[in-house]
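Inspection log for the structure reproduced underneath, given as structure tokens.
The shown structure was predicted, so the numbers you read here are calculated from the model rather than taken from an experiment. Because only heavy atoms are used, hydrogens play no part in the values below, and waters and symmetry mates are left out as well, while side chains stay in.
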Amino acid sequence: MMQVTALLFASYAEHLGRDAVSLELPDGATVDDVLRHLAALPGGDRLPPEPLVAVNLEYAARGHALAPGDEVAVIPPIAGG
């Protein structure tokens with residue numbers, strides 16, 4: 001097992017009621033596993049099916065394999081002008 005931290009921002013943090021979630025995942029877990037865990041939390045159903053994700057400050061795909069201690073940021077859409 002390994003521990004990773006999911007970081008949530010803006011509306012995602014509001015929906016889940018926190019800005020970070022510590023997760024205990026099996027070895028070989030992926031970004032997809034993190035997203036499934038977040039979706040199962042209260043308010044997680046408000047996350048989009050394909051959010052933008054970064055692992056340790058670099059964009060990552062759902063199949064990206066995680067390592068112990070990784071930080072997985074779930075990034076909401078950004079509007080500007």
Side-chain angles (χ1 to χ4, degrees):
M1 296 294 278
M2 66 174 160
Q3 191 141 20
V4 300
T5 302
L7 304 174
L8 304 161
F9 302 94
S11 62
Y12 295 170
E14 290 173 22
H15 296 323
L16 283 121
R18 56 188 121 178
D19 58 8
V21 179
S22 182
L23 298 170
E24 184 86 15
L25 300 171
D27 292 337
T30 64
V31 167
D32 190 57
D33 294 313
V34 170
L35 294 175
R36 283 190 284 121
H37 274 79
L38 293 175
L41 295 173
D45 60 333
R46 305 213 31 213
L47 297 176
E50 296 291 329
L52 187 60
V53 176
V55 176
N56 301 327
L57 303 178
E58 294 194 21
Y59 292 117
R62 290 182 79 105
H64 180 91
L66 300 173
D70 278 352
E71 286 186 335
V72 180
V74 185
I75 306 165
I78 299 170

Fill in: Same cluster (ILVMFWY, side-chain, under 4.5 Å), Met2 and Leu7
no
Discussion item. Starting from Val31, can I reach Ile75 by hopping between I/L/V/M/F/W/Y residues whose side chains sit under 4.5 Å apart?
Written reply: no
Which atom of [X] lies closest to which atom of [Y], heavy atoms considered:
X: Val74; Y: Pro51; value: CG1-CB, 3.8 Å
X: Ala13; Y: Leu8; value: CB-O, 3.7 Å
X: Val55; Y: Ala60; value: CG2-CB, 3.6 Å
X: Ala20; Y: Thr5; value: CB-CG2, 4.3 Å
X: Ala6; Y: Val34; value: CB-CG1, 4.0 Å

To the nearest 0.5 Å, how far apart are [atom1] in [X] and [atom2] in [Y]?
X: Leu52; Y: Tyr12; atom1: CG; atom2: OH; result: 8.0 Å
X: Arg46; Y: Leu16; atom1: CZ; atom2: CG; result: 10.0 Å
X: Asp45; Y: Leu38; atom1: CG; atom2: CG; result: 12.0 Å
X: Arg62; Y: Asp33; atom1: CZ; atom2: CG; result: 9.5 Å
X: His64; Y: Asn56; atom1: NE2; atom2: CG; result: 7.0 Å
X: Leu41; Y: Leu23; atom1: CG; atom2: CG; result: 7.5 Å

Practice prompt. For atom CD of Glu24, decide whether the heavy atoms of other residues, nucleotides or ligands shown that lie under 6.0 angstrom number more than 12.
Written response: yes
Worksheet item: Do other residues, nucleotides or ligands put more than 12 heavy atoms under 6.0 Å from the OH atom of Tyr59?
Response: no
Item to complete: Report yes if some heavy atom in the side chain of His37 is under 4.5 Å from a heavy atom in the side chain of Val21; otherwise report no.
Response: no
Worksheet item: Quick one: does Gln3's side chain get under 4.5 Å of Pro68's, heavy atoms only?
Response: no
